[in-house]
2 protein chains.
Amino acid sequence: MPVTKGSTIDPARTRATILEAATAVLYERGLDGIGVAELCTRIGVSKETLYRHFGTKDGLVEAMLQARSERVTSWLAEAAAAAGDAPGEQLAAVFDALQRWYDDPVFRGCAILNAAAQHHVDAVRTITARHLGHYLDLLTGIASRAGAVDPPVLGRQLLMLVEGATVVAAHHDAAGAGEAARQAALTLLSAAARPSL
Amino acid sequence: MPVTKGSTIDPARTRATILEAATAVLYERGLDGIGVAELCTRIGVSKETLYRHFGTKDGLVEAMLQARSERVTSWLAEAAAAAGDAPGEQLAAVFDALQRWYDDPVFRGCAILNAAAQHHVDAVRTITARHLGHYLDLLTGIASRAGAVDPPVLGRQLLMLVEGATVVAAHHDAAGAGEAARQAALTLLSAAARPSL
DNA sequence: GGTAGATGGTACCGGTCGGTCCGATCCGAT
DNA sequence: ATCGGATCGGACCGACCGGTACCATCTACC
């Protein structure tokens with residue numbers, strides 16, 4: 001957790017290190033749950049360095065949420081891709097990946113949605129909307145390849161299952177949330193692909 | 001018992017007024033987005049009165065979330081009950097009620113989940129879990145009366161749709177979120193009630 | 001009219017907030 | 001050997017935080 005500055009003074013590396021450590025601490029404590037001073041001691045960096053890299057606390061938050069969105073989105077997309085070409089398999093893989101996330105002891109819900117729930121800054125709302133948009137694209141693609149009658153609608157319903165499962169896992173009971181959502185998702189997928197049955 | 005009434009101006013009414021006004025302001029601004037001083041001027045009450053009724057800011061927050069949970073839960077239950085005895089109709093009524101909520105210009109997601117996303121206090125987490133539990137009871141009851149093979153599982157899946165629709169409506173696009181979720185819910189209900197088809 | 005509780009208004013408290021600044025130190029390149 | 005950028009550690013700032021104290025005022029009941 002302390003700054004592991006390799007052999008070089010490398011601003012880019014310092015920035016990345018701050019980002020990674022700050023993400024963990026702010027996720028655990030909440031954006032307003034820790035001040036900049038304590039945050040800096042926890043991640044082992046001076047206030048001046050943090051402010052030189054990110055300007056303001058809000059700047060750090062935005063950079064961190066943006067990075068988190070990209071990481072999580074590609075992580076889900078890769079989980080789907082690794083499951084092969086069958087849309088049903090890809091969808092199941094997405095929810096299996098989510099369940100693994102829910103089982104992480106530090107899981108506290110989606111960091112981006114948590115941030116949007118408390119921070120009214122426009123930049124955060126923009127990042128959040130785009131984040132959900134990326135999820136929607138992934139799920140709509142699966143719906144489309146499954147031959148759904150109305151892929152955008154099914155994609156949206158699957159997005160609701162993803163987000164709903166995350167909320168339930170975070171605030172009610174994480175055990176089996178991913179599996180329950182996966183089963184519901186596959187039911188919707190089948191019904192949409194063969195509406196006559 | 002004749003005693004007790006030493007009161008004069010009606011503290012209970014004052015308390016209720018504070019609770020109602022504070023709910024609106026804190027929902028709009030976020031729990032940490034406004035200080036007690038400004039909050040008091042906004043709701044037209046002195047700090048001393050507020051602190052005498054609720055002890056601390058956290059006390060106010062907890063009382064407010066508890067009241068909100070009860071109001072919203074009974075509101076949804078009544079919407080379902082008003083739809084008659086058919087489980088499918090009741091379920092549809094729930095999502096129709098949600099869509100009306102989403103269409104409110106001040107809609108910013110579920111106040112209770114928003115609070116839980118930022119506040120790590122145990123009392124808030126407890127209120128949130130219980131709140132979701134009440135939703136779950138309502139939906140599991142519908143699932144059961146619909147003859148679902150496994151009412152608890154279907155109830156949980158329906159809960160995910162409710163919460164997912166709320167998240168999507170709050171942070172992505174409110175238009176038609178309730179309708180999309182309703183359609184998905186009815187599909188799940190049909191599939192669970194007649195698994196052989 | 002007297003009295004007691006409820007309230008408003010306001011000054012005040014210690015602490016913490018986000019953010020700035022400066023000197024000392026470290027490091028890689030020259 | 002030296003120099004310049006990156007970093008650290010901490011002092012410092014004004015503003016605001018949640019919370020308390022005090023007092024004048026108001027209102028309902030006697």
Side-chain angles (χ1 to χ4, degrees), chain A residues 1-23 25-26 28-65 115 118-121 123-124, chain B residues 1-23 25-26 29-65 115 118-124:
Chain A
M1 39 194 71
V3 179
T4 65
K5 45 182 62 157
S7 51
T8 337
I9 286 193
D10 184 346
R13 186 161 191 86
T14 301
R15 183 189 157 99
T17 304
I18 293 175
L19 218 44
E20 185 179 355
T23 296
V25 175
L26 290 175
E28 175 197 346
R29 298 274 298 265
L31 298 185
D32 291 335
I34 186 172
V36 175
E38 187 186 351
L39 175 64
C40 284
T41 66
R42 284 276 297 260
I43 68 184
V45 80
S46 69
K47 286 177 74 173
E48 174 152 358
T49 299
L50 186 146
Y51 275 102
R52 183 157 24 80
H53 279 291
F54 299 99
T56 65
K57 190 184 186 184
D58 281 349
L60 168 64
V61 167
E62 291 161 21
M64 164 193 120
L65 294 178
Q118 62 192 289
H119 232 270
H120 291 191
V121 181
V124 172
Chain B
M1 38 109 94
V3 202
T4 67
K5 280 2 215 102
S7 64
T8 41
I9 302 199
D10 197 350
R13 186 160 193 85
T14 301
R15 183 188 156 99
T17 303
I18 294 175
L19 217 44
E20 185 178 356
T23 296
V25 175
L26 290 175
R29 298 274 298 264
L31 299 185
D32 290 335
I34 187 171
V36 174
E38 187 186 350
L39 175 63
C40 285
T41 66
R42 285 274 298 259
I43 68 185
V45 80
S46 69
K47 286 178 73 174
E48 176 151 358
T49 298
L50 186 144
Y51 276 102
R52 181 157 24 79
H53 278 290
F54 299 99
T56 65
K57 190 184 186 184
D58 281 350
L60 169 64
V61 167
E62 291 162 22
M64 164 191 119
L65 294 178
Q118 61 193 290
H119 232 271
H120 292 193
V121 182
D122 272 347
V124 172

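All figures in this text were calculated on a predicted structure; none of them were measured in a lab. Keep in mind that the numbers below use all heavy atoms, side chains included, and drop hydrogens, waters and symmetry copies. Chain identifiers are assigned alphabetically (A, B, ...) following the order of the sequence lines, protein sequences preceding nucleic acid strands; residue numbering begins at 1 within each chain.
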What protein N or O atoms touch nucleotides 17-20 of chain D N or O atoms at under 3.5 angstrom, if any, and at what distances?
unit_1, atom_1, unit_2, atom_2, d
D:dG18, OP1, B:K57, NZ, 2.6
D:dG18, OP2, B:V36, N, 2.6
D:dG19, OP2, B:Y51, OH, 3.1
D:dG19, OP2, B:K57, N, 2.7
D:dG19, N7, B:K47, NZ, 2.6
D:dG19, O6, B:K47, NZ, 2.3

* Asked: Listed by chain and number, what are the salt bridge (Lys or Arg N to Asp or Glu O under 4.0 Å) partners of A:R52, not counting sequence neighbours?
  ->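 Scan of A:R52 (salt bridge (Lys or Arg N to Asp or Glu O under 4.0 Å), adjacent residues dropped) gives none.
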In whole Å, what is the span from the CZ atom of B:F54 to the P atom of C:dT7?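 Checked: the CZ to P distance equals 11 Å.
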- Message: Taking any heavy-atom pair under 4.0 Å as a contact, classify B:G59: base, sugar-phosphate, or nothing.
- Response: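 Nothing, no heavy atom under 4.0 Å.
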| said: Nearest 0.5 angstrom please: A:H119 NE2 to A:L31 CG, how far? | reply: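 The NE2 atom of A:H119 sits 5.5 Å away from the CG atom of A:L31.
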Legend entry - Distance in Å, A:I34 CD1 paired with A:I43 CD1, rounded so as to fall on 0.5 Å steps: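 CD1 of A:I43 is found 8.5 Å from CD1 of A:I34.
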key: Minimum-distance pair of heavy atoms, taken over all atoms of A:L65 and A:A115   =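 Closest approach of A:L65 to A:A115, heavy atoms only: CD1-CB, 3.7 Å.
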Looking at every heavy atom in both A:Y51 and A:V36, which two are closest together, and how far apart are they?
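Shortest heavy-atom separation between A:Y51 and A:V36 comes out as OH-CG2, 3.4 Å.
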Report all side-chain donor-acceptor pairs from residues 12-20 of chain B shorter than 3.5 Å, counting only partners two or more places apart or in another chain.
unit_1, atom_1, unit_2, atom_2, d
B:T14, OG1, B:D10, O, 3.4
B:R15, NH1, B:H53, O, 3.3
B:T17, OG1, B:R13, O, 2.8

**Q.** Interface residues of residues 16-23 of chain B with DNA chain C (non-hydrogen, below 4.0 angstrom)
**A.**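 Here the set is empty: none.
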- Query: Side-chain contact, heavy-atom cut-off 4.5 Å: A:L60 with A:L39?
  - Reply: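 A:L60 vs A:L39: side chains touch.
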Considering only nitrogen or oxygen atoms on both sides, find all protein atoms under 3.5 Å from nucleotides 3-6 of chain D and state each distance.
none

Do any pairs count as a side chain to side chain donor-acceptor pair (under 3.5 Å) and have a residue in residues 29-41 of chain A, sequence neighbours left out, and if so which ones?
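Every pair satisfying side chain to side chain donor-acceptor pair (under 3.5 Å) with a residue in residues 29-41 of chain A: A:R29-A:E38.
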